[in-house]
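Take a look at the structure set out below.
Not measured: the values here are computed from a predicted model.
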Amino acid sequence: MFPGIPSWPFIPKPSNHTMQPLEQTDAPAPETATPYDRVPYKSFPFRQSHPERLATIAKLYGIESPSIASCRVLEIGCASGGNLLPMADRFRNSEFVGIDLSNAQISAGQKIAKEANLSNARLVHCDVRSIPADLKDFDYIIAHGVFSWIPNDAQTALLEACGKLLTPQGIGYISYNTFPGWRMRGMIRDIMSYHTRKPGKPEDQVRKARALLNFLAESVPVDGNPYGMLLNTELEQLQDKEDYYLIHEHLEEVNEPIYFSEFAERIEKAGLQYLGEADFSVMAIENFSPSVASMLNNLSENIVEKEQYMDFVRNRMFRQTLVCRDSVSIDRGLSPARLRELHICSNTKPAEPIRSLSDNSPATFESGASVTKTTDPIVKAALAHLGTIWPNYISFGRLVAIARSLIAEQASIVDTTGSSSEADRLGKSLLRCYATGHVELSIEPAQYSPTPPEQPRATDLARTMAGQIGFVTNLRHETVNLSDIEKRLLLKLDGTITVEHLVTEVCELMDQGLLIAHQNGEPVTDADICRAIADEVVKDSLSKFSKMALLIES
C-alpha cells in the first residue's frame with residue numbers, strides 16, 4: 001500500500017465504441033410495432049417478484065409450493081428479460097419462459113440469453129390473449145407492470161392464464177395500480193394526456209408533458225392549497241424518472257387502476273384466491289397504531305375486506321399481489337415453527353454499543369428506517385450476529401444455537417429440530433421484524449462468497465451484462481451499477497483466473513495505454529507504483545463484489 005494512492009485511479013482510454021443498453025435498437029420499427037418497440041421499457045430485476053420471495057411467503061401461510069431449484073416459471077410481459085434471465089442464470093435446473101408483445105425487446109433478450117448460455121430460458125413473442133398451447137404447468141407466474149396497462153379483455157386473459165396454467169400448489173404474482181391512491185395521480189395523467197393528445201414523436205410528447213407540469217407547479221400556490229401541494233409532490237416524483245417511464249406510466253393509451261376488492265372478485269372468477277402481498281410488511285396490521293388496527297379488525301369480516309380498508313387508510317396506489325388456486329388451503333395464523341425451514345438475514349446494526357447480551361438491559365437495533373427495541377437476550381444476540389454476517393443468510397436453527405452461545409459466552413449444543421421457550425420467543429420476534437422490514441426471510445437463499453476467493457467467479461449472465469450494458473444483476477436479484485474498470489474486472493471472473501493474474505492483466509492494459517493510472521492528480525509511469533495501484537484497485541473491487549453479492553460461493 002502506498003500513502004496517498006486514491007481508491008479509483010484508473011481512467012479508461014476513450015473508445016470510438018459506445019456501449020448501448022440492451023433495450024436500445026436503431027432498427028426501424030415495423031408498421032405493427034407496439035409503443036414498447038418504439039420506446040423500449042428498460043428491463044430491470046424486481047426482487048419482490050422472484051420465486052424465492054413467493055415461495056417464502058407461501059411457506060409462512062402453510063403452503064408447500066414447488067421447490068424453486070427445479071420449477072417452471074412464466075413471466076407475462078417479460079420485456080427483454082431483465083427480471084427473468086437472472087433467475088434462469090441462478091437456477092439452471094429450472095425452466096423459465098417469458099412472453100411479451102414487443103418483438104424488439106424479445107429479440108434483445110434472446111440475444112443476451114444466448115450469449116450467457118441460458119439454455120433453460122425461452123423468450124416468446126406473443127399476446128397474452130393467444131399464449132401457445134405448449135406453454136402450461138407453471139409453478140410460478142409473474143406479471144409485473146402489466147395488468148393496469150393492457151385492455152380489459154387482455155386483463156381477463158392474464159387472470160385466466162394464471163388460473164389454467166398454475167400447478168396445484170403454484171403461486172402467481174400480479175402488480176397493478178390501485179384506487180383510491182391513483183385517483184389523485186390519475187388527475188395528473190389526465191392533464192398530461194390532454195396536453196399531448198395530438199400525435200407526435202415520443203420525445204416531443206415527454207418534453208411537452210414535463211413543461212406543462214412545471215408550468216402548473218409554478219403557477220398554483222402551495223401554501224394552504226391541496227391542489228398545489230399535489231402538483232409539487234407529483235413533479236418531484238417525476239423529475240428523476242427517465243422518459244421511457246413517463247411515456248409508459250402516464251402517457252400510455254391504457255392505464256386503468258382498480259380497487260383491490262374488485263381485483264379479488266376478478267381473480268375469483270378465474271379460479272384463484274388472494275394469498276398475500278410480495279411486500280409482507282404492508283399486510284401486517286400491527287404496523288398500524290393499536291386504535292387503527294382495532295377499528296380495521298372490527299370493520300372487516302374477511303381478509304379481502306381488511307385489505308381494502310387498509311388501502312383506504314393508506315390511500316394506496318400500487319399493489320404486488322400473490323394469488324394461488326382457490327382449492328389451496330391457506331393458514332393465516334403465522335407460527336414461529338415455520339421459521340425452522342427458513343433462512344434469515346439483516347443489515348441491522350446496534351444504535352449504540354450493547355451493554356450486555358446476557359441480561360435484560362435494553363438494546364436498540366436499526367435496519368434502514370426500521371427500528372427494533374428489545375430486552376430479550378436471545379433476540380439481542382441473534383440481531384447482533386445477523387449484522388455481522390450481512391449479506392449472508394443463516395438458518396433459524398443455527399441462529400438459535402449461535403445466539404445461545406453468545407449469551408453464555410461459551411460453546412453449546414442446541415437441538416435445532418426441537419422447540420424451546422427461547423426459540424419460540426426468537427421466532428415471534430423475527431416474524432415481527434419481518435413485518436417491519438427489519439429482517440429478510442428466504443426458503444432457499446442464494447449462496448454468495450463472503451470474501452473474494454483466490455479464483456473469483458461471477459455468473460455467466462453478470463459477465464455478459466458487464467460487457468453490454470451499464471449495470472449487472474447480483475445474486476440478491478438487485479441492480480448493481482459498476483464503473484468502467486469494475487466492468488473490465490468482472491468480465492474476467494470466470495473462476496479460472498487468480499487475483500495475481502488479474503493484477504498483471506491490469507498492468508498490461510496500462511502498458512498498452514488502455515488504462516491510465518493517476519496519483520494525486522498526476523499520471524503515474526513508474527512500474528512498481530503502477531502495480532501497487534493495480535493491486536489495490538483489484539482487491540478493493542473484489543471486496544466490493546463480495547459485499548454486493550456478485551461472486552458465486554466456491
Side-chain angles (χ1 to χ4, degrees), residues 47-48 50 52-61 276-290 292-293 310 314 320 322 332 334-357 360-404 406-407 422-446 448 450 474 476-478 547-549:
R47 191 161 184 248
Q48 58 273 33
H50 199 288
E52 176 189 336
R53 174 78 63 95
L54 278 55
T56 298
I57 292 177
K59 180 68 177 178
L60 288 175
Y61 287 129
E277 296 296 312
D279 182 356
F280 187 83
S281 65
V282 301
M283 292 185 284
I285 200 167
E286 297 81 7
N287 287 337
F288 292 98
S289 68
V292 173
M310 285 197 289
R314 290 193 175 103
Q320 299 168 100
L322 308 188
R332 299 191 183 277
L334 296 177
S335 169
R338 290 181 185 142
L339 289 178
R340 293 177 191 167
E341 298 179 51
L342 298 178
H343 299 75
I344 305 102
C345 80
S346 177
N347 63 349
T348 185
K349 298 293 180 186
E352 54 190 30
I354 300 173
R355 285 189 294 174
S356 172
L357 292 177
N360 292 325
S361 59
T364 300
F365 294 84
E366 298 174 340
S367 176
S370 178
V371 177
T372 296
K373 297 180 180 180
T374 182
T375 60
D376 193 327
I378 195 74
V379 178
K380 288 191 292 185
L383 291 178
H385 181 68
L386 286 172
T388 65
I389 64 171
W390 169 264
N392 291 289
Y393 283 82
I394 183 173
S395 69
F396 177 72
R398 189 174 174 209
L399 181 61
V400 172
I402 290 176
R404 281 182 174 176
L406 288 173
I407 294 170
E422 281 183 327
D424 222 33
R425 295 199 314 272
L426 179 58
K428 290 177 181 178
S429 292
L430 290 177
L431 282 174
R432 179 65 188 137
C433 286
Y434 185 52
T436 61
H438 200 103
V439 304
E440 298 176 11
L441 301 178
S442 175
I443 198 164
E444 194 161 348
Y448 359 97
N474 68 6
R476 286 173 51 81
H477 207 61
E478 300 166 330
K547 293 176 182 177
M548 298 302 292

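The shortest distance between side-chain heavy atoms of L357 and P377 does not fall below 4.5 Å. Residues P362 and K373 have side chains not in contact (no heavy-atom distance under 4.5 Å, counting atoms from C-beta outward). With a 4.5 Å cut-off on side-chain heavy atoms, N287 and V282 do not count as touching. Taking the side chain as every heavy atom from C-beta outward, V439 and T372 never approach each other to under 4.5 Å. Within the 4.5 Å cutoff, no side-chain heavy atoms of Y61 are placed close to those of L322. Considering only heavy atoms from C-beta on, L386 stays 4.5 Å or farther from F365 through its side chain. Between L60 and L342 there is a side-chain heavy-atom pair separated by less than 4.5 Å.
Partners of P353 under the side-chain contact (heavy atoms from CB on, under 4.5 Å) rule, at least two apart in sequence or in another chain, do not exist in this structure. Every residue was checked against the ring pair (Phe, Tyr, Trp, His ring centres under 6.0 Å) condition with H385, not counting sequence neighbours, and none meets it. Evaluation of the ring pair (Phe, Tyr, Trp, His ring centres under 6.0 Å) rule for F280 yields Y434 as partners, not counting sequence neighbours. Residues passing the side-chain contact (heavy atoms from CB on, under 4.5 Å) test with K428, sequence neighbours excluded: P336, D424. The side-chain contact (heavy atoms from CB on, under 4.5 Å) test applied to P445 returns E52, H343, Y393, S442, Q447, not counting sequence neighbours. For D376, the side-chain contact (heavy atoms from CB on, under 4.5 Å) partners are T374, I378, V379, R425, not counting sequence neighbours.
A donor-acceptor contact shorter than 3.5 Å is absent between the side chain of K349 and the backbone of S367. Between the K380 side chain and the S361 main chain, a donor and an acceptor come within less than 3.5 Å of each other. Without hydrogens or angle criteria, N347 side chain to G387 main chain gives no donor-acceptor distance under 3.5 Å.
For the residue pair T375/N360, the side-chain donor-acceptor check at 3.5 Å is not satisfied. Under 3.5 Å, the side chains of Q48 and Q320 contain a donor-acceptor pair of N or O atoms. Donor-acceptor pairing under 3.5 Å is recorded for the side chains of T436 and S370.
Rounded to the nearest 0.5 Å, atoms CZ (R338) and CG (L431) are 9.5 Å apart. Here CG of N392 is found 8.5 Å from SG of C345. Values are rounded to the nearest 0.5 Å.
Closest of all the heavy-atom pairs between F288 and M310 is CE1-SD, 3.3 Å. Looking at every heavy atom in both residues, S395 comes nearest to I344 through C-CD1, 4.3 Å. The two atoms that bring L399 and A382 nearest to each other are CD1-O, 3.8 Å, heavy atoms only. Of all heavy-atom pairs between R47 and R53, the closest is O-CB, 4.1 Å. Here the closest non-hydrogen pair linking Y448 and A549 is CD2-CB, 3.6 Å. Contact detail for A381 and A403: the closest heavy-atom pair is CB-O, 3.5 Å.
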For this session: Assess whether side chain to side chain donor-acceptor pair (under 3.5 Å) is satisfied between H438 and T348, documenting all intermediate values.
Result: CA-CA 7 Å; H438 200 103; T348 185; 2.9 Å; yes

For this session: Evaluate the side-chain contact (heavy atoms from CB on, under 4.5 Å) criterion for residues E440 and C433: first the C-alpha distance (whole Å), next the side-chain angles of each, then the deciding distance (0.1 Å), finally the verdict.
Result: CA-CA 8 Å; E440 298 176 11; C433 286; over 6 Å; no

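With respect to N474, the side chain to side chain donor-acceptor pair (under 3.5 Å) criterion is satisfied by exactly one of R476, H477, E478: E478.
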